[in-house]
Enquirer: 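Below you will find the structure I want to go over with you.
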Amino acid sequence: MEELLYGEDPEPSDRFPAGPLYVPVRPGPSGCAARLFRTPLGDRTAVGFTSERRLVVTLGAGQAWIRLAEPALRALTAPLGVTSVTIDPLFTAPAPAPAPAPAPVGPVVLEAALAAPAQRIG
């Protein structure tokens, strides 16, 4: 098999540590847990930032964080099946808005639903 040069390989097999990272965390029952994110293609990824300022610009001032080296972050997330680490992502999707409460089903709607004939599918 031919050896690929780094200029031709979009993801070189050698991993170079990014140094100490600011890793977003969330509180859990046993302490803090690293937050996992999704790539634009939907794959799970761990995220680290090279500065506190970059983390705050992307995730907001209220985001808790810890300092971890990239190899430690990879070791922490590998048992979860997360093999990629994204360094300094440029943006994130906004937090989902709370869903409105469903309208209560009154007796009239329920009676109409029960009186309608069942439809067979297939």
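Residue numbers count from 1 along this sequence. These figures come from a predicted structure and were not determined experimentally.
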Enquirer: Do the side chains of Val25 and Val82 join up, straight or via other hydrophobic residues, at under 4.5 Å, putting them in one cluster?
Expert: no
Enquirer: What's the spacing between Thr77 OG1 and Arg44 CZ if we round to 0.5 Å?
Expert: 9.0 Å
Enquirer: So, taking the atom named CZ in Phe49 and the one named CD1 in Ile87, what distance separates them when rounded to the nearest 0.5 Å?
Expert: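 These two atoms lie 9.5 Å from each other.
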Enquirer: Check the pair Phe37, Thr45 against side chain to side chain contact (heavy atoms under 4.5 Å, CB included), reporting the backbone distance first and the verdict last.
Expert: CA-CA 5 Å; Phe37 294 82; Thr45 183; 4.3 Å; yes
Enquirer: Taking Asp88 for the side chain and Arg54 for the main chain, is one N or O donor matched with an acceptor at less than 3.5 Å?
Expert: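 Side chain of Asp88 to backbone of Arg54: no pair is present.
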Enquirer: Applying side chain to side chain contact (heavy atoms under 4.5 Å, CB included) to Leu68 and Leu76, what does each step give before you reach the verdict?
Expert: CA-CA 10 Å; Leu68 284 177; Leu76 182 71; 4.2 Å; yes
Enquirer: Measure the shortest side-chain to side-chain distance between Trp65 and Leu55 over non-hydrogen atoms and say whether it is less than 4.5 angstrom.
Expert: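 Result yes, sub-4.5 Å side-chain heavy-atom pair found.
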Enquirer: What pairs meet the side-chain hydrogen bond (donor to acceptor under 3.5 Å, both in side chains) rule with one or both residues in residues 29-40, with sequence neighbours excluded?
Expert: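 side-chain hydrogen bond (donor to acceptor under 3.5 Å, both in side chains) check on residues 29-40 returns Arg35-Gln63.
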Enquirer: Taking atom OH of Tyr22 and atom CZ of Arg67, what is their separation to the nearest 0.5 Å?
Expert: 3.5 Å
Enquirer: Taking only residues two or more places apart in sequence, or in another chain, which ones meet Val56 in a side-chain contact (heavy atoms from CB on, under 4.5 Å)?
Expert: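 Residues passing side-chain contact (heavy atoms from CB on, under 4.5 Å) with Val56: Glu52, Ala61.
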Enquirer: With a 4.5 Å limit on heavy-atom distance, are the side chains of Ser84 and Asp43 in contact?
Expert: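 They are not in contact (no side-chain heavy atoms under 4.5 Å apart), so the answer is no.
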Enquirer: Side-chain contact test, heavy atoms from C-beta onward, threshold under 4.5 Å: evaluate it for Leu21 versus Thr50 and give yes or no.
Expert: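 Yes - at least one pair of side-chain heavy atoms lies under 4.5 Å apart.
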Enquirer: Do you know which two heavy atoms are closest between Pro89 and Gly48, and how far apart they sit?
Expert: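 Scanning both residues, the minimum pair turns out to be CD-O, 4.2 Å.
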Enquirer: Determine, using the 4.5 Å side-chain heavy-atom cutoff (strictly less than), whether Leu36 and Leu73 are members of one ILVMFWY cluster.
Expert: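 No.
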